[in-house]
Amino acid sequence: MASSFKNKAPLLTWFATSMVVLWLLIAIGPFIWTVWGSFKVQGDFFSKADWRNAIYGVMTIVETGDSFTGNGYHGAWIEEEFWFNVLNTTVVVFFTVTISLTMGTLGGYALARSGFRYAFWLLILALIFRAMPHITLVSGYLLPFFEWNVWGKLSTTIVVLVAINQPFTLWMLHSFFLNIPKDMDESAMVDGCTRFQAFRHVIIPVMWPGVITTGLFSFLLAYNDFAITSMLLSSENQTMVPRIASFLGSVREQGNVMFAVAAVVSAIVPLFFLVLFFQRQIVSGLTAGAVKG
Amino acid sequence: MVLFIALPIASVVVQSLFVQHEQVMIEVENCGPFKCETVIQADPDATAALRQSAPLGKYNALKTYTNRNHLAFDELSNIWSTSKTLFGFVSGVYNLPFYKALFFTLTYTFLVAPSVLILGLFIALGVNRLPQIVKGPTIFASLLPMIVTPLIGSLILFWMVDADGIIGATLQLIFDNPDLSLKASAPLTWIMLIIYGIWHSTPFAFVVFYAGLQTVPSDTLEAAQIDGASRWQRVRFVIVPYMMPLAIFILLMQLMDGLRVFEPIVGFSASAKATSLSWIIFNDLFGNAKLYGSAAATSMLTIIFVCIILTPVLIRTWRDFNRKGI
């Protein structure tokens with residue numbers, strides 16, 4: 001927009017700013033509220049008498065002698081052994097991202113250099129996997145998995161997550177490699193590199209932006225998944241999200257809800273830092289789909 | 001090279017085979033009654049253990065599709081012949097689980113998608129006017145509702161609208177009704193879920209629109225200004241048409257996401273008041289009574305449904321690609 005016109009309508013500017021502020025309140029308010037409330041006791045966070053109790057922690061002072069308490073976290077992480085679920089999530093997410101990125105970079109590079117236009121079919125596959133509710137796929141997986149006795153294991157879940165993720169990863173890295181000029185690896189090969197050396201010494205140093213963006217989305221898929229992990233994992237080695245869901249099913253006795261609140265906050269923290277550090281990549285990844293698709 | 005191509009594709013193919021395997025079994029159900037019986041006898045080993053947990057009969061011919069829990073043709077014709085008015089018919093249909101879920105899924109999708117589009121565009125326009133320093137933090141804050149795990153996001157909102165939570169208690173005060181509970185009434189639950197959907201998806205529309213706004217050619221905007229277009233007219237006749245492809249992209253994504261709405265229903269514990277197609281499948285598979293046949297039938301219906309909605313999009317993409325190729 002032409003900058004000279006920016007200050008001509010103070011009313012409009014005021015209106016736009018207030019709308020953005022309102023949106024920010026709606027967007028981030030619930031998070032602040034829940035993080036703050038997770039350090040209180042249930043009587044404050046779910047205060048019937050006065051909502052300000054949750055801010056000042058009246059009941060928390062009565063019950064624990066301090067206006068902040070880590071009881072929820074202690075209960076969730078140690079008594080309910082939430083740390084074990086966090087460990088499981090770490091394993092699942094790490095391997096899903098690593099495997100799908102390895103296969104994605106190699107496959108995407110090969111597809112991009114092979115000349116034939118795979119892009120359409122990749123896009124269609126990615127679209128189909130994006131459109132299908134994951135739970136319909138799971139209902140297909142469950143039966144054979146029970147037969148083969150591989151149900152409930154972390155490795156099975158990782159394979160399924162990688163498979164669901166792969167068309168998208170391939171498509172994104174494929175279009176990313178298409179943007180790296182072919183001249184680069186051709187000149188490397190003229191200089192005597194083999195195809196693999198060209199990939200190793202020329203392509204790998206310049207591919208990191210695309211790989212990081214794609215990796216972020218694989219991470220989010222694996223981390224945020226509920227349908228697949230809750231169906232495919234036995235209750236002994238659940239990941240975080242289905243575990244939180246089963247917190248809800250357990251009795252709502254005093255304090256137990258706060259365990260769930262603490263667990264939820266713990267699960268948000270990694271995402272918070274992810275957005276903090278990789279905001280630019282997330283935005284570019286989201287818009288890349290729009291521009292190219 | 002071949003290996004690089006083959007490995008990932010093979011993994012995808014292998015995985016997709018499993019779904020097709022499921023489909024093959026359903027096709028077996030579709031055949032005539034005599035043929036189906038022989039198939040059961042020919043293939044008993046695979047599902048021997050599973051049949052114990054699903055004693056109602058997995059190979060139920062087409063009946064799985066037409067029974068009360070799915071398409072319910074008998075009940076439909078029954079309701080059609082008994083109900084006098086259209087409203088009676090609709091409310092009768094609504095009591096059938098599959099149609100209830102379908103109805104909610106469609107309502108959710110077609111209310112959330114347009115709201116997200118409009119809200120996202122306005123927020124993008126608003127943020128675009130902000131000074132440069134605060135843009136970064138604003139985008140950061142806006143991304144959070146979208147990035148956060150859907151189940152966790154819905155839980156956070158759920159605790160706030162709980163009868164003892166901040167919003168729930170405040171609403172009780174405003175309406176002076178201590179028994180008011182968002183969980184207890186079906187319409188309020190629906191509204192709550194739809195608001196959650198808008199909250200969750202608006203950031204996506206906002207980010208895409210915001211990125212699009214940066215590429216709007218300033219020449220065209222200035223030309224419109226010189227021609228005497230007001231601010232609103234510039235938005236309406238220059239920016240909106242320019243954003244049309246982006247809007248279609250967002251709409252498509254929203255349709256996909258809306259049709260598979262699932263986590264918020266678990267998070268809000270709203271299954272008594274609102275169910276979606278995905279939730280029905282989940283419910284069939286979860287717990288001890290694993291109704292594979294029922295879940296598979298619902299899955300198939302969902303897949304067919306998604307295909308119908310996606311077909312125009314796929315045809316368009318196909319045409320675009322061919323045009324580019326020539």
Shortest non-hydrogen contact between Ala27(A) and Ala141(B), atoms and distance:
CB-O, 4.0 Å

Does any backbone or side-chain atom of Leu220(A) lie under 4.5 Å from a heavy atom of chain B? Answer side chain, backbone, both or neither.
side chain

Under 4.5 Å from a heavy atom of chain B, the part of Val265(A) involved
neither

Looking at Thr138(B), Val127(B), Ile147(B), Leu252(B), which one has more heavy-atom pairs under 4.5 Å with chain A than the rest?
Ile147(B)

Does any heavy atom of chain A fall under 4.5 Å from the side chain of Leu151(B), the backbone, both, or neither of them?
side chain

Which one, Ala211(B), Ser142(B), Gly126(B), leads in non-hydrogen pairs under 4.5 Å with chain A?
Ser142(B)

Pick one: which of Ile282(A), Val283(A), Val275(A) meets side chain to side chain contact (heavy atoms under 4.5 Å, CB included) with Phe140(B)?
Val275(A)

With the side chain counted from C-beta on, respond yes when Ile156(B) and Trp33(A) share a heavy-atom pair under 4.5 Å apart, and no when they do not.
no

Side chain from CB out, backbone as N, CA, C, O: work out which of these in Ile248(B) comes under 4.5 Å of a heavy atom of chain A, or both, or neither.
neither

Report the option among Leu274(A), Leu22(A), Val21(A), Val264(A) that has the most heavy-atom pairs separated by less than 4.5 Å from atoms of chain B.
Val264(A)

Quick one: which of Thr17(A), Val261(A), Ile28(A) has the most heavy-atom pairs under 4.5 Å with chain B, could you say?
Val261(A)

Heavy-atom pairs under 4.5 Å with chain B are the metric here; pick the option from Pro30(A), Ala16(A), Ser18(A), Ala263(A) that has the most.
Pro30(A)

Does any part of the side chain of Phe226(A), heavy atoms only, come nearer than 4.5 Å to the side chain of Thr149(B), both counted from C-beta?
no

What is the distance from atom CH2 of Trp23(A) to atom CZ of Phe122(B), rounded to the nearest 0.5 Å?
15.0 Å

So, the part of Val20(A) with a heavy atom under 4.5 Å from chain B: the answer is side chain

Taking Val261(B), Val207(B), Leu157(B) one by one, which has the highest count of heavy-atom pairs under 4.5 Å against chain A?
Val207(B)

Looking at Gln279(A) and Ile139(B), would you say the former's side chain and the latter's main chain have a donor-acceptor pair under 3.5 Å?
no

Verify, without hydrogens or angle tests, whether Asn224(A) (side chain) and Pro150(B) (backbone) share a donor-acceptor contact under 3.5 angstrom.
no

Looking at chain A, which one of Glu263(B), Met256(B), Met253(B), Met146(B) has the largest number of heavy-atom pairs inside 4.5 Å, strictly under?
Met256(B)

What part of Leu144(B) is in contact with chain A, defined as an atom under 4.5 angstrom from a non-hydrogen atom: side chain, backbone, both or neither?
both

Nearest non-hydrogen partners of Trp199(B) and Ile26(A), listed with the distance:
NE1-O, 2.8 Å

Which distance, rounded to the nearest 0.5 Å, do you find between the OG1 of Thr34(A) and the CD1 of Ile152(B)?
11.0 Å

So which part of Leu143(B) gets closer than 4.5 Å to some heavy atom of chain A, the side chain, the backbone, both or neither?
side chain

Heavy-atom contact with chain B under 4.5 Å, split by part of Phe272(A)
both

